[in-house]
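Because only heavy atoms are used, hydrogens play no part in the values below, and waters and symmetry mates are left out as well, while side chains stay in. What you see is a predicted model, and the numbers here were worked out from it, not measured in a lab. Sequence lines set the chain letters: A, B, ... in the order given, protein chains first and strands last, and positions in each chain run from 1.
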Protein chains: 2
Amino acid sequence: MDSGVKKPGVTSSEVARRAGVSQSAVSRTFTPGASISPKTRAKVMTAAKELGYRPNAIARSLITNRSRIIAVVMAYLENLFYPDVLEELGRLLAKENYRLLLFTGFMDRDSDPIFDQLMQYRVDGIVLASTSLSSDLSEECAAAGIPVVLFNRTTERDAVSSVTTRNREGGRRVAEFLVAGGHKKFGYISGLESSSTNRDRFAGYKEGLADAGHTEIMVEVANYDRAEAEEAARKMLSRPDRPDALFVANDHMAVAVMDVARHELGLSVPKDISIVGYDDVGAARWTSYGITSMSQPLKRMVEATVSILMDQISSGEIEAEHRILNGELVVRTSARLPKTGVVDVDGRRIFKPAKG
Amino acid sequence: MDSGVKKPGVTSSEVARRAGVSQSAVSRTFTPGASISPKTRAKVMTAAKELGYRPNAIARSLITNRSRIIAVVMAYLENLFYPDVLEELGRLLAKENYRLLLFTGFMDRDSDPIFDQLMQYRVDGIVLASTSLSSDLSEECAAAGIPVVLFNRTTERDAVSSVTTRNREGGRRVAEFLVAGGHKKFGYISGLESSSTNRDRFAGYKEGLADAGHTEIMVEVANYDRAEAEEAARKMLSRPDRPDALFVANDHMAVAVMDVARHELGLSVPKDISIVGYDDVGAARWTSYGITSMSQPLKRMVEATVSILMDQISSGEIEAEHRILNGELVVRTSARLPKTGVVDVDGRRIFKPAKG
DNA sequence: CGCCATATTGCATACGAATGCAAAACTGTT
DNA sequence: AACAGTTTTGCATTCGTATGCAATATGGCG
């Protein structure tokens with residue numbers, strides 16, 4: 001069966017010689033849909049197996065001008081939302097027979113090296129899932145004619161595709177929920193202020209509160225970072241006039257905030273303060289936290305991302321497409337319950353305010 | 001400066017024509033250490049910038065027979081240890097001018113497709129950081145002449161390199177700690193039984209307990225999975241003769257166990273039960289959990305991994321190398337403290353039993 | 001200024017697979 | 001059996017870059 005040691009450098013020509021056919025025949029054997037008779041194919045397959053041959057993807061890329069590689073740029077894996085995304089992306093891309101080239105780590109304004117790499121490897125597509133990324137990069141890539149999808153973020157000029165959820169509506173929903181819970185003083189712990197996601201969530205929150213007549217919001221900025229979130233929580237929650245309702249821009253920070261509230265400041269959640277997060281991810285779901293959170297439909301987001309990429313790659317058309325999905329406010333224990341509006345939907349508790 | 005739109009297909013020949021030199025000159029300009037005069041280099045650089053040229057890594061790979069790509073195989077990103085590893089790996093590899101091709105998701109016995117991909121892309125090296133991976137894959141890769149490093153795991157036949165920590169000693173240390181804390185009944189929540197890491201930790205634990213005269217250990221298997229860990233905890237901790245000291249094979253599970261113990265079973269940690277984990281990672285450090293845990297020196301582990309790979313790649317020698325690093329028992333609040341042996345080392349509390 | 005040693009340069013070819021094209025091998029029909 | 005129509009095959013070329021080798025330019029020194 002398997003011949004044990006495999007020499008690394010088996011080429012199609014060697015297989016061809018062994019099978020007594022031309023190199024073209026070998027190539028066609030491994031090219032789906034190519035014109036090849038079953039008989040030759042069988043001969044080639046046998047020879048290939050004996051030699052342990054696998055087509056060289058590099059050489060193939062050179063001539064087809066397709067690398068079958070998708071680059072994924074992701075800055076901050078500490079927030080479990082992103083590893084989850086990564087795993088799902090990997091799965092779907094593999095299904096489409098694409099590989100995933102990962103770029104991670106800090107890439108401040110000096111994003112050019114990354115751009116260089118992307119270009120050098122002639123990746124077929126790019127997923128930018130890094131909220132803290134200069135928006136230049138995306139435009140540069142798009143300008144270079146490579147399909148790009150912004151994941152969980154957009155830019156003003158919508159020249160490049162994106163997949164997001166209705167962050168503005170999400171923020172508003174959170175506001176409605178907290179207002180319905182009878183809270184009086186509202187706070188917000190902000191993510192990166194330059195990120196569209198954060199801006200939208202905050203805008204919606206503000207609108208929702210304003211609609212209910214609340215115009216004052218206590219704000220601290222924590223840039224999606226755990227340590228900064230702790231600091232922000234300390235600052236905001238140790239004030240005598242601290243809020244009794246706090247919206248934190250994502251669950252990753254919300255968890256940190258909750259730790260500080262409970263264990264450093266001795267506050268009871270949700271008795272002394274209600275906390276609502278965003279993403280519905282990771283620790284937020286654990287019983288220790290049970291964070292009430294706007295969900296983002298991760299799987300569908302990734303699905304949309306891959307589908308946009310595949311469309312653009314196969315069509316060659318790079319027309320910006322924006323998929324905007326819906327989330328739900330998943331109700332757990334970190335926030336006081338409103339009298340009405342909380343319903344059970346297949347085992348989960350959701351906040352659905354009555355319309356009008 | 002930058003010319004706006006960049007055509008994707010700028011080749012070295014085009015640059016050469018524009019600069020009035022040969023294609024070789026262009027190539028040499030972008031090959032560090034190649035023989036090229038400053039004058040020509042300058043001309044080439046100018047032309048290259050004007051055209052937005054970047055060397056085609058694919059074509060380069062074809063001829064140099066080096067892809068400058070390292071494949072990383074990682075099954076389970078939910079355990080934050082691995083995203084952390086991934087991020088650090090990405091950073092170090094980038095520093096060495098290597099790219100990271102990520103393979104993720106379940107890959108049971110049918111690991112061949114992955115192997116195929118690895119071979120097809122002619123990756124220069126492989127990191128296997130998946131505890132749940134058939135050990136065949138590693139040997140196959142090694143047999144194919146590609147440097148492989150097993151991360152946080154080994155195989156019996158040590159034909160392939162590995163980076164681990166002293167899991168056996170770690171398990172033993174945990175035992176000593178719990179014994180010193182005066183516990184009487186011991187439990188173990190196991191990871192994947194086929195993983196070397198789990199076997200070693202358990203073996204050390206057993207030895208350490210045996211040395212103190214404790215030979216009975218209650219065991220449940222949870223395969224490093226959060227849900228299974230919860231189930232295991234329910235089972236073990238609801239028994240009337242439940243242990244008062246519990247070693248959980250990693251922090252990812254320990255956190256789950258703690259949630260169940262506290263919130264489902266109403267146990268107080270560490271009053272009713274002491275819990276010790278492994279990895280010193282993620283939620284284990286948060287105040288809500290404060291899990292006492294054997295640390296794994298992630299950065300140094302990744303460093304060692306990259307260094308082994310680089311050595312083997314540059315030397316062409318693939319001699320298996322095993323780097324085994326030390327961890328420490330980081331003391332927090334999830335386990336009863338022993339009377340002696342806990343010391344403060346730059347801000348952290350460590351358990352260091354007196355020798356002899 | 002002439003000569004030799006050294007530094008640069010260009011030419012030609014190689015890497016491994018895909019593919020247009022024409023030749024060759026089949027197929028079925030009369 | 002001869003023919004047209006259809007598959008299948010092999011040839012030759014191509015992708016974009018690196019590199020050995022020979023040719024050329026440069027520099028130093030007497």
Atom CD1 of A:I58 and atom C1' of D:dA18 are separated, to the nearest Å, by 15 Å

Using a 4.5 Å cut-off on heavy atoms from C-beta on, say whether the side chain of B:V149 contacts that of B:I126. no

Out of curiosity, A:I308 CD1 to A:S162 OG, how far, rounded to the nearest 0.5 Å? 7.0 Å

A:S27 vs C:dA18: side-chain N/O to OP1/OP2 distance below 4.0 Å: yes

For B:S24, answer base if it contacts any base atom (sugar-phosphate contacts may also be present), sugar-phosphate if it contacts only those atoms, and nothing otherwise; contact means non-hydrogen atoms under 4.0 Å. base

Give a yes or no on whether a donor-acceptor pair under 3.5 Å exists between the nucleobase atoms of C:dG16, that is its base, and the side chain of B:R122. no

Quantified as the angle between the terminal helix axes (five pairs each), what is the overall bend of the helix from C:dC1-D:dG30 to C:dT30-D:dA1 to 10 degrees? 30°

Taken to the nearest 0.5 Å, the spacing of A:S307 OG from A:L92 CG works out to 10.0 Å

Report which part of the nucleic acid B:V21 touches: base, sugar-phosphate, or nothing (heavy-atom distance under 4.0 Å, all strands). sugar-phosphate

Between C1' of D:dC15 and CG of B:N56, the distance in whole Å: 9 Å

Separation of B:K39 atom NZ from D:dA25 atom P, in whole Å? 12 Å

Using a cut-off of strictly less than 4.0 Å, decide whether A:S37 has a side-chain nitrogen or oxygen near OP1 or OP2 of D:dT9. yes

Ignoring backbone atoms, test whether A:Y53 places a side-chain nitrogen or oxygen under 4.0 Å from the OP1 or OP2 oxygen of C:dA17. yes

Could you list the residues that satisfy side-chain hydrogen bond (donor to acceptor under 3.5 Å, both in side chains) with A:R99, not counting sequence neighbours? A:N97, B:Q117, B:Y121

Between A:R91 and A:E88, does any NZ, NE, NH1 or NH2 come within less than 4.0 Å of an OD or OE carboxylate oxygen? yes

Residue pair B:V160 / B:T155, side-chain heavy-atom distance below 4.5 Å: yes

Between CZ of B:R28 and P of C:dC11 the distance, given in whole Å, is 11 Å

Nearest-Å distance, CD1 (A:I63) to P (D:dT17)? 15 Å

Contact nearer the 5' end of DNA chain D, comparing A:Q23 with A:T40: A:T40

How long is the straight-line distance from OG1 of B:T104 back to OH of B:Y82, given to the nearest 0.5 Å? 12.0 Å

In whole Å, what is the span from the CZ atom of B:R66 to the C1' atom of C:dC15? 15 Å

A:S12 side-chain N/O to C:dA17 phosphate OP1/OP2 under 4.0 Å: yes

